[in-house]
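Counting convention: from 1, in listed order, for ligands and their atoms alike.
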Amino acid sequence: MNAPSTLDSRLATVNRQIRAACERFDRDPGTVNLLAVSKTKPAAMIRAALEAGQRDFGENYLQEALGKIEGLRQDATWHFIGPIQSNKTRAIAENFSWVHTLASAKHGRRLNDARPHGAPRLKVLVQVNISDEASKAGIKPAETRDLIETLLGFERLEVRGLMAIPRIEATFDAQSAHFRRLAELRDILRGEFRSDLPDFGDLSMGMSGDLEAAIAEGSTWLRIGTAIFGPRD
Ligand SMILES: *Cc1c(COP(=O)(O)O)cnc(C)c1O
């Protein structure tokens, strides 16, 4: 028997960590999804993760992602988690199943118009600047309602929830406070859009350094890179 590779054992460790946190915080593990963030990592590593049972992969840079998607399209589900540029919306709409970083009606319209008709609707999450940082992408919490209202008119999109990259904090309690604000906003919006968006409710939050707090506060998509693939150069 071969010794498990570093990647296999890292992935297994992350999955164990997730299961333990689900138990501790009384979450159904079936509702906490692992998105393996493979930016800067080669296709061979994604292939190895696929063979170890990982299905969902997140990429930030379109050009880099297209090369990897080309060879692995059938087997993996691809999530775009990087900044959106208008001239990239067509390729994003054609090659990804999910977009986590939608923050404008203009990009929503462009993604909608470019989504191929044979494909399922593009699942989108609205990115919120939950820690109110000048440097961060995403819209203000108070702007989410109007944006979602507009997105309802784009029938090739399916609005599934919210995403945030909160300020990095050192303690569990400080991390939790940011995640809780996103969860509370989700609860309000879910109430308002209940009839139009019955599947609205996803929370894309939590990375390698704060996944436990994210699970405690209701994350449904953990975006984990380093803990699975190792440090990026
Ligand atoms: C790179 C990245 C991640 C993964 O971060 P790690 O700390 O490596 O787990 C998650 N989300 C986004 C948006 C990223 O760009």
Side-chain angles (χ1 to χ4, degrees), residues 6-18 20-21 32-43 45-46 48-49 52 54-66 68-69 76-85 88 92 95-104 107 111 123-133 135-139 160-172 174-176 178-179 181-183 202-233:
T6 309
L7 189 138
D8 283 15
S9 68
R10 280 192 179 126
L11 186 58
T13 300
V14 169
N15 277 312
R16 259 198 312 279
Q17 233 181 319
I18 294 171
V32 182
N33 301 287
L34 175 56
L35 179 60
V37 177
S38 45
K39 62 174 177 237
T40 79
K41 300 298 179 182
M45 283 183 96
I46 299 174
Q54 177 60 32
R55 281 289 158 270
D56 291 278
F57 294 88
E59 289 279 343
N60 295 56
Y61 311 109
L62 181 72
Q63 285 313 318
E64 180 200 333
L66 291 180
K68 300 185 220 174
I69 292 173
T77 301
W78 297 94
H79 300 239
F80 189 79
I81 63 168
I84 299 173
Q85 294 167 278
K88 305 284 169 63
I92 293 170
N95 288 282
F96 288 81
S97 298
W98 290 74
V99 171
H100 290 226
T101 43
L102 184 56
S104 78
H107 288 156
L111 290 168
K123 297 180 183 70
V124 299
L125 304 176
V126 170
Q127 183 173 4
V128 184
N129 186 352
I130 202 69
S131 316
D132 198 20
E133 293 174 276
S135 61
K136 279 287 170 63
I139 60 173
R160 291 292 292 262
L162 305 176
M163 178 271 204
I165 311 173
R167 187 179 327 140
I168 306 229
E169 302 282 5
T171 69
F172 181 90
Q175 292 164 356
S176 299
H178 296 289
F179 293 141
R181 279 206 303 282
L182 194 70
D202 275 299
L203 291 173
S204 170
M205 60 186 198
M207 319 208 306
S208 295
D210 54 16
L211 69 91
E212 265 113 4
I215 290 171
E217 298 302 333
S219 175
T220 66
W221 284 105
L222 299 163
R223 306 182 311 268
I224 312 284
T226 309
I228 297 172
F229 295 107
R232 293 178 291 273
D233 316 313

Does the residue H100 have a heavy-atom contact with ligand 1, meaning some pair of atoms that are separated by less than 4.0 Å? no
Looking at atom 8 (O) of ligand 1, what's its closest protein heavy atom, distance included? T226 OG1, 2.5 Å
Give the residue, atom name and distance (to 0.1 Å) of the protein heavy atom nearest atom 9 (O) of ligand 1. S208 OG, 2.5 Å
Which of K68, E64, Q54, E59 passes side-chain hydrogen bond (donor to acceptor under 3.5 Å, both in side chains) with S38? It is E59
With heavy-atom distances below 4.5 Å as the criterion, would you say the side chains of H79 and R223 are in contact? no
Here the gap from L35 atom CG to I228 atom CD1, rounded to the nearest 0.5 Å, amounts to 8.5 Å
Within a distance under 4.0 Å of any heavy atom of N60, pick out the atoms of ligand 1 and give their elements. 14 (C), 15 (O)
What protein heavy atom lies closest to atom 11 (N) of ligand 1? Include the residue and the distance to one decimal. R223 NE, 2.9 Å
I'd like to check N95 versus L62 (side-chain heavy atoms, cut-off strictly below 4.5 Å). Are they in contact? no
Closest to atom 10 (C) of ligand 1 among protein heavy atoms sits M207 SD, 3.1 Å
Taking the side chain as C-beta and beyond, is there a heavy-atom pair between M163 and T101 under 4.5 Å? yes
Side chain proximity check, F229 to T40, heavy atoms < 4.5 angstrom: no
Could you tell me whether some N/O pair between G225 and ligand 1 is separated by less than 3.5 angstrom? yes
Quick note on ligand 1: atoms under 4.0 Å from a heavy atom of I224 include exactly 9 (O)
Shortest protein heavy-atom distance from atom 2 (C) of ligand 1, along with the residue and atom involved: K39 NZ, 2.5 Å
Should D202 and W221 count as side-chain neighbours, where that means a heavy-atom distance under 4.5 Å? yes
Proximal ligand 1 atoms for I165, defined as those under 4.0 Å from one of its heavy atoms: 13 (C)
